[in-house]
Amino acid sequence: MTMTMTAPDDRVAKRNVVILVIAQAILGAQMPMIFTIGGLAGQSLASNACFATLPISLIVAGSMLAANPISAIMQRFGRRVGFLIGALFGALGAAIGAYGLYLGSFPIFLVGSLLTGVYMSAQGFYRFAAADTASTAFRPKAISYVMAGGLLAAVLGKTLVVETSDAFVVPFMGTYMVIILLNLLGSAVFLFLRIPLPEKRAADAPAGRSRWELLKDPVISTAVICAVVSYALMNLVMTSTPLAVVGCGFGQADAANVVMSHVLAMYIPSFFTGHLITRFGVERIVGAGLVILAGAGFVALSGVTLENFYIALVLLGLGWNFGFIGATTLLAGAHEDHEKGRMQGLNDFLVFGGVTIASLSSGGLMNCSGGTPTEGWSAVNLAMAPFLVLAGTALLRLMMRPKEA
């Protein structure tokens, strides 16, 4: 049975959005869980505090390495297969992570983190899957609504961390056991997706642009730069946040609450980001995101009270939302269908490559660039500036480019 790619009223797209929101809420809950406790667990296992955030860095590195293979699998076998593979690796990574905690082995824990990155990579394609069956008018809203599923993930993830982090004698092991269940049970929702398999291209069909030719397109290059900067800077600051909050004299519960407020700020705006893009234009929303990210850095540098942490991390989440959803929308309309697997895989490879560097830098800046947690936290936030200038310059050049007739 052949399905049309887009029904006139977007009924298929809206059904898929609902399924992807549920997946984002259930399976996506593991990411705020891991990002809340990953650095703390790493700090308890690592012999050197400078490596505390290495588990989180390896998750992102795994995402980077998996981006092109996962995208290629989806291009050939469909989104569902790629998403199920991601959930399988999420469960496997959590199981190995739990085993590493049980043994007190940092290397084994790191292997689990690397494999978890395959899940994170697959989750990144939820937003592109939302656009697959959507009309041009519904596309930014579809992407935005799917990202909004992270709101439920934030609430569920925070609740599960609080309830499970001390459930066993070994700290955090209970959290990783629950993550295994989330992956195994939550993956069933993908059976209800209705995204047709990509059509097989004829032998004489045009090959499409190479990766280098795609990146030379000014719209695509700007979208990629803004996506990389928005995601990498968000990760740079968020990775160090639990360490900074605890290091400045507050408790683990405070750290969890700050991270939850950040994740809520990442996803609550998704209910209206798509409408704002339609109303004001995608470039302006991306630009607003970059400005808000700069504001987050300014607040973080202004003090280390609990109020500063909350405000800075809320702004960080909002800036990421506008910047990343806007960049995704910009990219989704800038390439042909037969270029989708190549371009989306390349985009996420570059995005998670930037995030990997940010994660690795975060621990070093936080723990090894000053004598106190306050100095480390300042170094983390000052590092945002040159990359915001880079993204802002690329976006302004695109906006000032003469419109094609």
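All values reported here derive from a predicted model rather than from experimental measurement.
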Just so I know, are the side chains of [X] and [Y] near enough to count as touching, which here means a heavy-atom distance under 4.5 Å?
{"X": "K141", "Y": "T278", "answer": "yes"}
{"X": "K14", "Y": "Y145", "answer": "no"}
{"X": "L331", "Y": "I220", "answer": "yes"}
{"X": "L346", "Y": "M343", "answer": "yes"}
{"X": "C248", "Y": "F309", "answer": "yes"}
{"X": "T241", "Y": "L316", "answer": "no"}
{"X": "R401", "Y": "V219", "answer": "yes"}
{"X": "I325", "Y": "I143", "answer": "yes"}

How long is the span from the [atom1] atom in [X] to the [atom2] atom in [Y], to the nearest 0.5 Å?
{"X": "S270", "Y": "F322", "atom1": "OG", "atom2": "CZ", "result": "9.0 Å"}
{"X": "T329", "Y": "E283", "atom1": "OG1", "atom2": "CD", "result": "11.0 Å"}
{"X": "Q344", "Y": "N68", "atom1": "CD", "atom2": "CG", "result": "11.5 Å"}
{"X": "S63", "Y": "Q123", "atom1": "OG", "atom2": "CD", "result": "9.0 Å"}
{"X": "L27", "Y": "L184", "atom1": "CG", "atom2": "CG", "result": "9.5 Å"}

(message) Is there a side-chain contact (heavy atoms from CB on, under 4.5 Å) between M31 and I59? Walk through the geometry before answering.
(response) CA-CA 10 Å; M31 297 320 298; I59 291 174; 4.1 Å; yes
Could you pull out the closest heavy-atom pair between [X] and [Y], with the gap in Å?
{"X": "L236", "Y": "S361", "result": "CD1-CB, 4.3 Å"}
{"X": "A29", "Y": "L156", "result": "CB-CD2, 3.8 Å"}
{"X": "A153", "Y": "P32", "result": "O-CG, 3.7 Å"}
{"X": "A255", "Y": "P242", "result": "CB-CA, 4.0 Å"}
{"X": "L84", "Y": "S187", "result": "CD2-O, 3.6 Å"}
{"X": "Y119", "Y": "G28", "result": "OH-N, 3.4 Å"}

Residues passing the side chain to side chain contact (heavy atoms under 4.5 Å, CB included) test with L264, sequence neighbours excluded, are L151, A154, V155, M260, I268
Across all chains, not counting sequence neighbours, the salt bridge (Lys or Arg N to Asp or Glu O under 4.0 Å) partners of R127 are D348
Contacts of D166 meeting salt bridge (Lys or Arg N to Asp or Glu O under 4.0 Å) (sequence neighbours excluded), chain-then-number -> none
Let me have the donor-acceptor pairs involving side chains of residues 380-394, under 3.5 Å, with sequence neighbours excluded, atom names and distances please.
from : atom 1 : to   : atom 2 : distance (Å)
N381 : ND2    : W377 : O      : 2.9
T393 : OG1    : V389 : O      : 2.8

For the CZ atom on F298, are there more than 12 heavy atoms of other groups (residues, nucleotides or ligands in this structure) within a distance under 6.0 Å? no
Quick check against the 3.5 Å criterion: does [X] have a side-chain atom that pairs as donor or acceptor with the backbone of [Y]?
{"X": "R284", "Y": "L276", "result": "no"}
{"X": "D254", "Y": "G251", "result": "yes"}
{"X": "D10", "Y": "A13", "result": "no"}
{"X": "S230", "Y": "A227", "result": "no"}

Output a table of donor-acceptor pairs, distance under 3.5 Å, between side-chain atoms of residues 92-118 and any protein atom two or more places apart or on a different chain; print 'none' if there are none.
from : atom 1 : to   : atom 2 : distance (Å)
S105 : OG     : I108 : N      : 3.3
S113 : OG     : F109 : O      : 3.1
T116 : OG1    : G112 : O      : 2.9

Test side-chain contact (heavy atoms from CB on, under 4.5 Å) on N347 and F128 and set out the steps. CA-CA 11 Å; N347 177 74; F128 289 122; 4.0 Å; yes
Residues 299-310 vs side chain to side chain donor-acceptor pair (under 3.5 Å), sequence neighbours excluded, gives T305-N308
For residues 168-183, the side chain to side chain donor-acceptor pair (under 3.5 Å) pairs (sequence neighbours left out) are Q30-N183, T164-T175
* Using the side-chain contact (heavy atoms from CB on, under 4.5 Å) rule, take I22 and L152 through it: C-alpha gap first, then chi angles, then the decisive distance, then the call. => CA-CA 9 Å; I22 294 171; L152 297 174; over 6 Å; no
Applying side-chain hydrogen bond (donor to acceptor under 3.5 Å, both in side chains), can you list everything that pairs with [X], at least two apart in sequence or on another chain?
{"X": "N257", "result": "K158"}
{"X": "T273", "result": "N321"}
{"X": "S362", "result": "S240"}

Ring pair (Phe, Tyr, Trp, His ring centres under 6.0 Å) filter on Y231, not counting sequence neighbours, yields W320, F324, F352
By ring pair (Phe, Tyr, Trp, His ring centres under 6.0 Å), F190 pairs with (sequence neighbours left out) F83, Y126
ask   = Can you check side-chain contact (heavy atoms from CB on, under 4.5 Å) on L185 and I26, steps first, answer last?
value = CA-CA 9 Å; L185 299 177; I26 298 175; over 6 Å; no
